[in-house]
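Here is the structure we will look at.
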Amino acid sequence: MRVSPRDDLLHALLHARDQTLHSVLEEVLEQWRKAPQQGTWILSQLAKAKELQLCHHVLQAMQENHLEVSTVHFNCVLSACARKRQWAPALMLLTEMEEIQVAYDTISFSSAINACGAIWQLALALLEKMEDQQVQLDTIALNSLVSSCEKQGRWNVALDLMSNMQASEVQQDTITYNACISACGKAAHWLEALALQRRMRGQALRVDSISCSAAISACAASGAPGRHWFIILGLLDEMQELLVSKDSVTYTAALQGMGEERWQTALALFQQMTDESIKKDLVAYNAAMSACGGAWPHALTLLQSVPHELGADAVSFGSVISACEKSGEWQAAVLLLQRMFVASVQLTAVALAAALSACARCAQWVLALTILEAQKTVELDVVVYNAAIAACEKGSAWEAAMALLGRLTLSAVELSWRTFSSAISACAKPRRWREALELLRMVPWETSACGAAMRACSYDSSSHQHSGIGKYKRA
């Protein structure tokens with residue numbers, strides 16, 4: 001197969017080193033003088049290859065050699081900025097276009113807005129400049145900005161932009177709606193997401209798997225887990241009616257919206273993925289494990305079924321350990337911690353706290369403290385300490401609880417009322433009323449903490465003395 005001269009030049013540019021780049025550029029410029037369209041093709045191919053630096057070199061060489069530089073050439077380089085999400089070079093190019101009086105067009109601004117990525121404020125400022133320069137607004141430019149807002153969950157700005165599109169008679173398409181539905185989903189505004197999906201159908205726009213998955217995600221993220229499970233199942237049925245294909249993202253979102261009470265439905269959905277030959281990724285496995293709640297045998301079965309090539313991660317183990325904790329299966333929780341170590345899976349504070357809570361449920365406070373002391377790599381947070389102190393509370397190990405509390409106060413971890421409540425409860429059964437009252441003075445009074453302190457101060461039948469709580473009453 002014969003290779004054209006322009007292909008040779010493109011290959012030479014892509015593989016040129018610093019010392020040979022100048023000579024290759026001279027060849028490109030010579031070709032440009034003979035056939036300008038071929039030079040423009042080379043610049044566009046460099047942009048598609050995301051070779052932003054090379055694009056700059058070519059553009060600069062053109063100007064230094066007094067070749068005519070047009071909007072098309074700048075747009076090629078701006079598209080490279082967009083592909084690499086390089087907003088700073090994109091703004092510099094727009095400024096340069098203004099300085100040398102090369103006209104902007106819609107593509108120029110669309111690419112620059114795309115280059116802004118998740119920096120929606122900067123993208124919005126570019127849109128305003130676009131309007132000031134009386135550059136024609138189009139669907140691509142506005143979709144880029146809506147997508148930027150979606151990445152940051154700025155659902156209200158995204159919806160305002162959609163309204164502006166309608167007012168400016170700019171066509172809205174499936175991409176516009178999908179980005180807005182996703183933005184609403186990230187902010188857990190499920191009603192708005194469903195309303196947008198209905199509007200799509202009303203405008204005869206194609207509802208695709210992205211639209212439906214985003215709406216399902218919005219329902220899953222809103223309120224308590226499992227609150228909108230019935231709506232999610234309805235959306236899945238609607239996809240079936242509209243012949244919209246489901247994928248792993250769709251089912252994962254649905255699994256996350258089932259809640260622990262609907263674990264059987266979650267497992268049925270997970271099985272449905274197999275029936276429909278949908279490839280499961282680790283996120284789908286983790287969502288199914290998490291949905292099992294207290295059904296720890298099923299969660300454990302799912303963990304064991306994770307394919308070797310995917311490899312269970314900290315989220316996988318954490319979900320199953322949490323399931324064991326909810327069922328009081330402390331032995332299984334501890335064994336899973338050991339399995340994480342054997343599998344070289346990085347232990348997280350979430351998994352550790354769940355294992356300690358499982359020990360707490362069965363008053364295994366010595367084991368809980370042993371596990372806690374053995375951890376050298378996990379950054380301990382207040383949830384971990386609360387779980388360990390709760391284990392001491394169940395075993396009435398007030399001295400251990402006080403020691404943990406003392407260590408916690410010396411760390412940078414912010415304490416919660418639950419921390420003190422568990423420590424006070426640990427003092428209740430052994431009648432350590434002085435310690436309980438001192439702890440109570442350190443935090444705002446809360447029902448469970450006050451109740452525990454009162455139990456600690458109850459009548460001691462062996463000494464027949466009251467503690468005298470009165471002197472600790474607050475004004």
Under 3.5 Å, is there a donor-acceptor pair between the Tyr177 and Gln197 side chains? no
Supply the atom-to-atom distance Gln45 CD to Cys55 SG, rounded to the nearest 0.5 angstrom. 10.5 Å
Salt-bridged, Glu260 to Arg227, with N to O below 4.0 Å? no
Would you call His56 and Leu93 a side-chain contact if the rule is heavy atoms closer than 4.5 Å? yes
On a heavy-atom basis, the closest approach of Thr348 and Ala314 is CG2-CB, 3.4 Å
Are side-chain N/O atoms of Asp173 and Thr176 paired as donor and acceptor at under 3.5 Å? yes
If every non-hydrogen atom of Arg83 is compared with every non-hydrogen atom of Ala47, which pair is closest and at what distance? CD-O, 3.5 Å
CD of Glu379: more than 12 outside heavy atoms within 6.0 angstrom? no
How far does SG of Cys359 sit from CD of Glu325, to the nearest 0.5 angstrom? 10.0 Å
Give me the atom names and distance for the closest heavy-atom approach of Ile321 to Met340. CD1-SD, 4.1 Å
Take atom CD1 of Ile107 as the centre, draw a 6.0 Å sphere, and report whether it contains more than 12 heavy atoms from other residues, nucleotides or ligands. no
Looking at side-chain heavy atoms only, is the closest gap between Leu196 and Arg199 below 4.5 Å? yes
Would you call Arg201-Glu238 a salt bridge at under 4.0 Å N-O? yes
No-hydrogen, no-angle side-chain donor-acceptor test under 3.5 Å, Asn114 and Ser111: no
Answer yes or no: is there a side-chain heavy-atom contact under 4.5 Å between Val77 and Leu46? no
Does the side chain of Leu235 come within less than 4.5 Å of Thr250's, by heavy atoms? no
Report the C-alpha separation of Leu94 and Tyr104 in whole Å, then their side-chain angles, then the decisive distance to 0.1 Å, and conclude whether the side chain to side chain contact (heavy atoms under 4.5 Å, CB included) test is met. CA-CA 8 Å; Leu94 288 179; Tyr104 309 117; 3.9 Å; yes
Ala360 to Ala387 - nearest heavy-atom pair and separation: CB-O, 4.1 Å
Dump the intermediate steps for side chain to side chain contact (heavy atoms under 4.5 Å, CB included) on Leu267 and Gln271, then the final yes or no. CA-CA 6 Å; Leu267 291 180; Gln271 178 59 41; over 6 Å; no
Without hydrogens or angle criteria, can the side chains of Asn286 and Ser316 be said to hold a donor-acceptor pair below 3.5 Å? yes
Donor on one side chain, acceptor on other, Lys280 and Thr274, under 3.5 Å: yes
Just say parallel, tilted or perpendicular for the rings of Phe270 and Tyr285, cut-offs at 30° and 60°. perpendicular
Which heavy atom of Ser209 sits nearest to which heavy atom of Asp247, and what is that distance? OG-OD2, 4.0 Å
Starting at CZ of Phe341, measure out to CG of Leu347 and round the result to the nearest 0.5 Å. 11.0 Å
Check whether any side-chain heavy atom of Ser148 lies under 4.5 Å from a side-chain heavy atom of Ile119, and answer yes or no. no
Give, for atom SG of Cys292 and atom NZ of Lys326, the distance between the pair rounded to the nearest 0.5 Å. 10.5 Å
Do Gln152 and Lys186 get their side chains close enough for a donor-acceptor pair, meaning under 3.5 Å? no
What's the separation between atom CG in Leu352 and atom OG in Ser357, rounded to the nearest 0.5 Å? 9.5 Å
Verdict with supporting geometry, Leu269 and Leu233, side chain to side chain contact (heavy atoms under 4.5 Å, CB included): CA-CA 10 Å; Leu269 288 173; Leu233 294 181; 4.3 Å; yes
With no hydrogens and no angle check, do the side chains of Ser222 and Trp190 hold a donor and an acceptor under 3.5 Å apart? yes
Determine, step by step, whether Val157 and Leu145 satisfy the side chain to side chain contact (heavy atoms under 4.5 Å, CB included) criterion, reporting the C-alpha distance in whole Å, the side-chain angles of both residues, the deciding distance to 0.1 Å, and the verdict. CA-CA 10 Å; Val157 181; Leu145 182 48; over 6 Å; no
dist Leu78:CG -> Asp105:CG (nearest 0.5 Å) comes out at 9.5 Å
Are any non-hydrogen side-chain atoms of Leu91 and Leu122 less than 4.5 angstrom apart? yes
Examine the side chains of Ser110 and Ser144 and answer whether a donor and an acceptor come within less than 3.5 Å of each other. no
